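The next block holds one structure in the form of structure tokens; read it before the comments.
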Number of protein chains: 2
Amino acid sequence: MKAEIIAVGTELLMGKVVNTNAPFLARELNALGVDHYFETVVGDNPNRIQEVTRLAEQRSDWIIFSGGIGPTQDDLTKQTLAAYLGEELVYDSTYLKRIEAHYQKRHIALTDKGKQMAYTFKRGVTLGNPKGQACGSAIKKKGHTYIFLPGFPHELKAMWRESVVPYLNPSQEEVMTSRYLNFYGIFESALADKLDDLIVHQENPTLAIYSAEGIVTVRLTAKGECLEANAGILEDMTRQILDRLAPYYFGEGYGLTPVKALLDDLMAKHQTLSFAESLTGGMAGERIVNYSGASRAFQGSLVAYTAEAKQRVIGVEAKTIESVGMVSEQCALEMAEKTRQRYQSDLTISFTGVAGPDEMEGHPAGTVFCGFAFKDRPTHIESYHLSGDRQTIRQRCLFQACFDVWKMRSQKSSQ
Amino acid sequence: MKAEIIAVGTELLMGKVVNTNAPFLARELNALGVDHYFETVVGDNPNRIQEVTRLAEQRSDWIIFSGGIGPTQDDLTKQTLAAYLGEELVYDSTYLKRIEAHYQKRHIALTDKGKQMAYTFKRGVTLGNPKGQACGSAIKKKGHTYIFLPGFPHELKAMWRESVVPYLNPSQEEVMTSRYLNFYGIFESALADKLDDLIVHQENPTLAIYSAEGIVTVRLTAKGECLEANAGILEDMTRQILDRLAPYYFGEGYGLTPVKALLDDLMAKHQTLSFAESLTGGMAGERIVNYSGASRAFQGSLVAYTAEAKQRVIGVEAKTIESVGMVSEQCALEMAEKTRQRYQSDLTISFTGVAGPDEMEGHPAGTVFCGFAFKDRPTHIESYHLSGDRQTIRQRCLFQACFDVWKMRSQKSSQ
């Protein structure tokens, strides 16, 4: 089975929008075991859309379109393909009602342009859009499957998971279940080496490995008669993988980061968290508050970027800065402990170090000290030597510290 | 003139890497006035690379390849095209020496795979790579121009600006100069309307408009005999544009944000900055410290995400929180003033509001109050009503506040 992705949108060709849908779809196709050799971007132009479709038909079985199913003049992907395939579009009545209600609520007149969001192929199926107004659609014809998805990434992802995967699932009698296992502190290639025999002999579940921001994720996808059967298959493979990789593991779930894993653990235990940030400059707080509901655990952060601010705002001793400097174990320790007292937190993590590009206090870029101050045990200091640009050093330092604290906490609670 | 982009790399098709080169090249082609209707992604496979090249030749004059010019087994873009075009590759002696020195310094044996980074077309030209080891190359044949660029975005961008633009510049005797004018608080379409006649009649300089994170940028590109002539052309057009759009303007420069504009102004005046962050959770500090050298102005940030932390850490009055709540003018005012006193800053900006998705204290998501506390004038409060997801509301609030403070300061200093 071969698939190919066609992203439609002049805004992509103008470079106004980065095509993040293609990598998402690529990973999904990969996990389904579907080959995928080409991706194309084309503008909102019927002739050119037909031209690339004709070409895709020569190379692939599934042709997946993203974009051009919204309510504007430029949105004409479904219409163009209907004309090309000689197929009829009709309004999906459920979506038409949803769209009418949506416009009415906002006191906007509903024109034909708005209604076209409810277009679906008469001889095809509607693909549900849990996050937006425009429905997707899919149609099979002469050995090809044509799939129409929205351009907005959050809509596309939701539609893919909820509607497209069940539709594409080749053996309709089977159910597919995926599980995501997340690892930190190991390179993708090293992790793949440790699972080599499992990857080579994979059948059910299938394994896919990918990485982002230093996190390596193993996705297991099981196919079986029912969810219970899949759960058993996944559990068995998970155990085999964790037997080999437990030291790097920090939990399961799509998109999990060490920051989120630590936040989840704190929230589950009704504990509180604060940060003392020099190196990270506010990034620790910023990443935490991206999670809705973070305020149940996260209290705040003292960001002190200069020596003076570290003394005046956090209360680091002047003699510490004079004797061992800001990039030191002692400074990390004082930052963590004094900030914890200020917020009265169960846990405070401090970050001090050199983001670069230049060295500081004689330390090369990437030298980092983190303090972990706890309510119920002695403060712990870690030092890291990280590489990358300023932004990468900060992000890696945050993830590494959260991973290490998460590990300490999980080992303590399992004792 | 038509151009088309072919990104080569199995990692792109696996969805491991997002193709950010294509939007960059798209904007650049746009600015050069070159049409651009298709983009293709293809894996590291000689047959498929040749297949998409054949197709691109039917549609476009310039064919721009990104990726596949590095030192690994998979890097075979130049070799594949050399075979396809019946052209010879030779080592560029300058690059070969650079590569040899690079490997020697790292005590790594230099194999043929490493040397291939110095490949250039014998009958073509070498494109310099200011940020990496692999040189680019370009060759013209039978009406087509083939351009080979690296896959790493920072290398590709640097090579484009320094080597490709001069190479492609159709009239070799002219010099091109670009200037970027940045605006905030106006939609891209509204800005384009105001410049409609200038856009329609553009010749020299050419105008290109694009937007990101709410910033709208107008790029002017002048072609002339010398840099001085271009400066005059650009100055004249800049004046015409600012006559119409001055209220939204916050400075010139590639990639300028309102945060950076404010930071630059503070550094120029040897003044200091701190933040009091609730809504933004650390983002204000995080964005500032992305700029190397930020510590010359930025002192730090008090992040207080809970009511308790606002009282204990910043010193907001309990009665303020009880009577008008955390999402209020009074809370924004106390946050800014008390934090300014703590850091002894020339300027403190506070952020409090509702990121959503749920409402808070009866205020809908997107309600934001910011306080601007100055050393030398009374505190000023602004309220904003922003839309978008959590992350967008935070980012827009930060940019809007920095823009408003920058404007206040620039108006004051011009009085």
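Computation of the quantities below employed the complete heavy-atom set of this structure, encompassing side-chain atoms and omitting hydrogens, waters and symmetry-equivalent molecules. Chain letters run A, B, ... following the sequence lines, proteins first and then strands; every chain starts at 1. Just so it is clear, the model here is predicted, and its values are computed rather than measured.
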For this session: Tell me, with the steps shown, if A:Tyr37 and B:Asn45 meet side chain to side chain contact (heavy atoms under 4.5 Å, CB included).
Result: CA-CA 9 Å; A:Tyr37 299 125; B:Asn45 175 296; over 6 Å; no

Problem set entry | Full working for side chain to side chain contact (heavy atoms under 4.5 Å, CB included) between A:Leu302 and B:Leu302 | CA-CA 5 Å; A:Leu302 294 182; B:Leu302 293 183; 3.3 Å; yes

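If you tally non-hydrogen atom pairs under 4.5 Å between each of B:Val289, B:Ile288, B:Val42, B:Leu29 and chain A, the highest count goes to B:Val289. Between chain B and the residues A:Phe38, A:Phe275, A:Phe298, the most heavy-atom pairs under 4.5 angstrom are made by A:Phe38. Ranked by non-hydrogen atom pairs under 4.5 Å with chain B, the options A:Ala309, A:Pro357, A:Gly300, A:Ala284 are led by A:Gly300. Of the residues considered (A:Ala7, A:Ala26, A:Gly285), A:Ala26 shows the highest number of contacts with chain B, using heavy-atom pairs under 4.5 Å. Contact count versus chain B (heavy atoms, under 4.5 Å) is highest, among A:Glu277, A:Met283, A:Glu28, A:Arg48, for A:Arg48.
For a residue to count as touching a neighbouring chain, one of its non-hydrogen atoms must lie under 4.5 Å from one of that chain's; by this rule A:Asn19 touches chain B with the backbone only. For A:Arg287, no part lies under 4.5 angstrom from a heavy atom of chain B. Proximity to chain A (any heavy atom under 4.5 Å) is restricted, for B:Glu51, to the side chain, taken from C-beta onward. Contacts between A:Ser295 and chain B at a heavy-atom distance below 4.5 Å involve backbone atoms as well as side-chain atoms. If you measure heavy-atom distances from A:Arg27 to chain B, the contacts under 4.5 Å come from both the backbone and the side chain. B:Thr40 touches chain A through backbone and side chain together, each having a heavy atom under 4.5 Å away. Using a 4.5 Å cut-off between heavy atoms, A:Leu55 contacts chain B through its side chain alone, with no backbone atom that close.
Closest approach of A:Arg394 to B:Asn290, counting heavy atoms only: NH1-OD1, 3.8 Å. The two atoms that bring A:Arg312 and B:Tyr343 nearest to each other are NH1-O, 2.7 Å, heavy atoms only. Smallest separation of non-hydrogen atoms from B:Val313 and A:Arg342: CG2-CG, 3.6 Å. The two atoms that bring A:Thr20 and B:Val18 nearest to each other are CG2-CG1, 4.1 Å, heavy atoms only.
Between B:Glu39 and A:Leu13, some side-chain heavy-atom pair lies under the 4.5 Å cut-off.
Counting non-hydrogen atoms of neighbouring residues, nucleotides and ligands closer than 6.0 angstrom, the CD atom of A:Glu57 exceeds 12 such neighbours. Counting non-hydrogen atoms of other residues, nucleotides and ligands closer than 6.0 Å to CZ of B:Arg296 gives a total of 12 or fewer. Heavy atoms from other residues, nucleotides or ligands lying under 6.0 Å from OH of A:Tyr254 number more than 12. For B:Glu308, the CD atom counts as loosely surrounded, since its 6.0 Å shell holds 12 or fewer non-hydrogen atoms of other residues, nucleotides or ligands. The number of heavy-atom neighbours closer than 6.0 Å to CZ of A:Phe399, taken from other residues, nucleotides and ligands shown, is above 12.
Among the residues in residues 345-355 of chain B, none has a non-hydrogen atom closer than 4.5 angstrom to a non-hydrogen atom of chain A.
Here the NE2 atom belonging to A:His36 is positioned 11.0 Å from the OG1 atom belonging to B:Thr10, to the nearest 0.5 angstrom.
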